[in-house]
Amino acid sequence: MMTGNLFLSGAGQIAMAMLLAAMVMLLWRLAKGPGAADRVIALDLLSVLVVAFLVILSIHTGKSTYLDVAIAYACIAFLGTIALVRFIHKSGRKSGLHPPQSAPDSTKGGSDD
Amino acid sequence: MPLFILNIVFAAVFTLLTGSARIGVFMFGCILGYGILWLSSPLYKDTRYFKKLPKTVNLITYFLKELFVSNLRVLWDVITPGHISRPGIIGIPLDAETDLEIFLVANLISLTPGTLSVDLSEDRKTLFVHVMFLENVAAARADIKNGLEKRILEVMRS
Amino acid sequence: MIEYLTGILLIIGSFFCLVAALGVIRLPDSLTRMHAATKAGSLGAGLLVIAHAVFYQELGISLRAVSIIAILLFTAPVAAHLIARTSYRSGEAISDRTWIDELKGNGGWPG
């Protein structure tokens, strides 16, 4: 019984270290990423990793309340990703950075949608 | 499907009666409730519950198996130096018609490692899929159509 | 016994999360990065949540764990599909290993 608890505690610490390493890598991609889409991918995966980290924390500290935080965070992070993607979609169309195939509208501040 | 709700109610009552709120007891209650409903199945005339549930379970196990087995290829490409991937975008003609069917097909394709649904054509007939390890276009197309889409349509249309 | 099972699930799950982040770093273009991020990430997080449910074994906590897995599995492909479509249509560079592209010329603004 005692060795089981020891094993679980060690495994939790190893898992947290791996997740932290993954988060640092994602921050690098977030800072460097060549395009906007790469940055959004990094942010999206980062939010999934935060949920995973909360779950590990809930096992490690023995407080199951962290799971509720994870549920709320999983819902809200999705909305953030969707909002960012919509923003990229619109700004790319408006700035003429990516030429539309049907008809070019180069008017700044014109009302599309 | 009211029979499904009845099954869940059986499981909840069983959990309450045994007095131990554990997940194993609840799942045993589900199986027991399904057995009871199956024994009394002549009472329900026009129900498709007993055909639909095994097919749903079949779809879920197939999906989980695909998820685990083919995740290893992505993993292998990531952790070994050099790239073995041969990505490509192929169009898949869809048999699914309603919104829900197309939603399920596109999402389950996205969740299976190695394939990612990129775009749907204007006339909702073709789904464009980005495949990571593409060797043979016809084989990949037939694989998705006969594996995933057929099982989803079996569940939705039975 | 439960402790060993939970620990092993924890390590496997966080290893998949690490592989997902490594894939986002290493793979050549944003569509292939999406492959690593979506699947390996949600599989790793799902394994961790299953470890949590195995460890506590109470009905309420297990139902909450199931709801987390459902949220992850429903939102991840939707977000991936949106990002992939936006990325493709905005003309970001696709790796030159891509040897067939049947979408080219078929997708147009606006969606």
Side-chain angles (χ1 to χ4, degrees), chain A residues 1 3-12 14-19 21-26 28-29 33-38 40-42 44-46 48-49 51-53 55-56 58-59 64 67-68 70-71 74-75 77-78 81-82 85-86 88-89 92-93 97-102 112, chain C residues 1-4 6-11 13-15 17-22 24-25 29-30 33-34 36-38 41-42 44-45 48-49 51-52 55-56 58 60-61 64-65 67-68 71-72 74-76 78-80 82-87 89-93 105 107-111:
Chain A
M1 198 62 199
T3 53
N5 278 333
L6 210 61
F7 177 75
L8 183 60
S9 164
I14 293 173
M16 282 198 220
M18 282 201 230
L19 280 190
M23 284 180 188
V24 171
M25 285 188 227
L26 284 181
W28 184 79
R29 172 57 74 196
D38 300 302
V40 178
I41 295 169
D44 190 40
L45 186 55
L46 203 57
V48 173
L49 291 194
V51 171
F53 198 86
V55 171
I56 295 181
S58 166
I59 296 178
S64 65
L67 207 59
D68 300 333
I71 292 180
C75 294
F78 173 65
T81 306
I82 296 301
V85 171
R86 294 293 297 171
I88 293 172
H89 194 87
R93 185 162 28 166
L97 188 65
H98 322 300
Q101 289 174 351
S102 54
D112 47 4
Chain C
M1 196 56 219
I2 291 297
E3 287 92 352
Y4 290 108
T6 313
I8 290 168
L9 277 176
L10 274 184
I11 288 179
S14 52
F15 177 69
C17 288
L18 190 62
V19 165
L22 212 58
V24 173
I25 291 284
D29 64 346
S30 59
R33 275 176 206 145
M34 189 81 60
T38 313
S42 47
L48 290 177
V49 175
H52 190 276
F55 182 62
Y56 280 99
E58 293 168 29
I61 289 175
R64 267 182 272 175
S67 77
I68 284 192
I71 289 172
L72 283 179
F74 270 110
T75 57
V78 175
L82 271 176
I83 299 174
R85 202 166 80 144
T86 307
S87 157
R89 291 192 173 183
S90 64
E92 277 189 22
W109 292 106

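On a predicted model such as this, the values are computed, not experimentally measured, just so you know. Lettering follows sequence order; numbering is per chain, from 1.
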Side chain from CB out, backbone as N, CA, C, O: work out which of these in A:Ser58 comes under 4.5 Å of a heavy atom of chain C, or both, or neither.
both

For C:Phe74, all residues meeting ring-ring contact (aromatic ring centres under 6.0 Å, His included), sequence neighbours excluded:
none

Once you round to the nearest 0.5 Å, how far does OG of C:Ser67 lie from CD1 of A:Ile71?
3.5 Å

Given C:Glu58, C:Arg64, C:Met1, the one with more heavy-atom pairs under 4.5 angstrom with chain A than any other is C:Arg64

Would you say that C:Ile71 contacts A:Phe78 through its side chain, given a criterion of any heavy-atom pair below 4.5 Å between the two side chains?
no

Check C:Leu18 against A:Met18 and note the closest heavy-atom contact, atom names and distance.
CD1-O, 3.4 Å

Rounded to the nearest 0.5 angstrom, the CG-CG distance for C:Asp29 and A:Asp38 is 8.5 Å

Using non-hydrogen atoms only, which part of A:Leu67 is less than 4.5 Å away from chain C: side chain, backbone, both, or neither?
both

Is the count of non-hydrogen atoms from other residues, nucleotides or ligands lying under 6.0 Å from C:Phe15 atom CZ greater than 12?
no

Using 0.5 Å steps for rounding, measure from the OG1 atom of C:Thr86 to the CD1 atom of A:Ile88.
7.0 Å

Pairwise distance CZ(C:Arg33) to CZ(A:Arg29) - rounded to 0.5 angstrom
3.5 Å

Based on non-hydrogen pairs under 4.5 Å, which of C:Gly44, C:Ala84, C:Ala37 is most in contact with chain A?
C:Ala37

Closest heavy-atom pair, A:Ala52 versus C:Leu48, reported as atoms and distance to 0.1 Å, is CB-CD1, 3.4 Å

Worked verdict on A:Asn5 versus C:Glu3 for side-chain contact (heavy atoms from CB on, under 4.5 Å):
CA-CA 6 Å; A:Asn5 278 333; C:Glu3 287 92 352; 3.6 Å; yes

Sorted by chain and residue number, the side chain to side chain contact (heavy atoms under 4.5 Å, CB included) partners of C:Phe55 (sequence neighbours excluded) come out as A:Leu8, A:Ile59, C:Ile2, C:Thr6

Taking all atoms of both residues into account, what is the closest heavy-atom pair of C:Cys17 and A:Leu19, and its distance?
CB-CD2, 3.5 Å

For the pair A:Val48 and C:Ser42, evaluate side-chain contact (heavy atoms from CB on, under 4.5 Å) and give the outcome as yes or no after the intermediate values.
CA-CA 7 Å; A:Val48 173; C:Ser42 47; 5.6 Å; no

Between C:Ile83 and A:Ala37 the two heavy atoms that sit nearest each other are CG2-O, 4.2 Å

Option that, when pairs with chain C are counted at under 4.5 Å, heavy atom only, ranks first among A:Ile14, A:Val24, A:Asp68, A:Leu46:
A:Asp68

Looking only at non-hydrogen atoms, find the nearest pair between A:Thr81 and C:Ala79 and report the distance.
CG2-CB, 4.1 Å

Which heavy-atom pair separates C:Ile25 from A:Met25 by the least distance, and what is that distance?
CD1-O, 3.3 Å

Audit row: C:Tyr4, A:Thr3, side-chain contact (heavy atoms from CB on, under 4.5 Å) steps and yes/no
CA-CA 9 Å; C:Tyr4 290 108; A:Thr3 53; 3.2 Å; yes

Give, as side chain, backbone, both or neither, the part of C:Ile11 having an atom under 4.5 angstrom from any heavy atom of chain A.
both

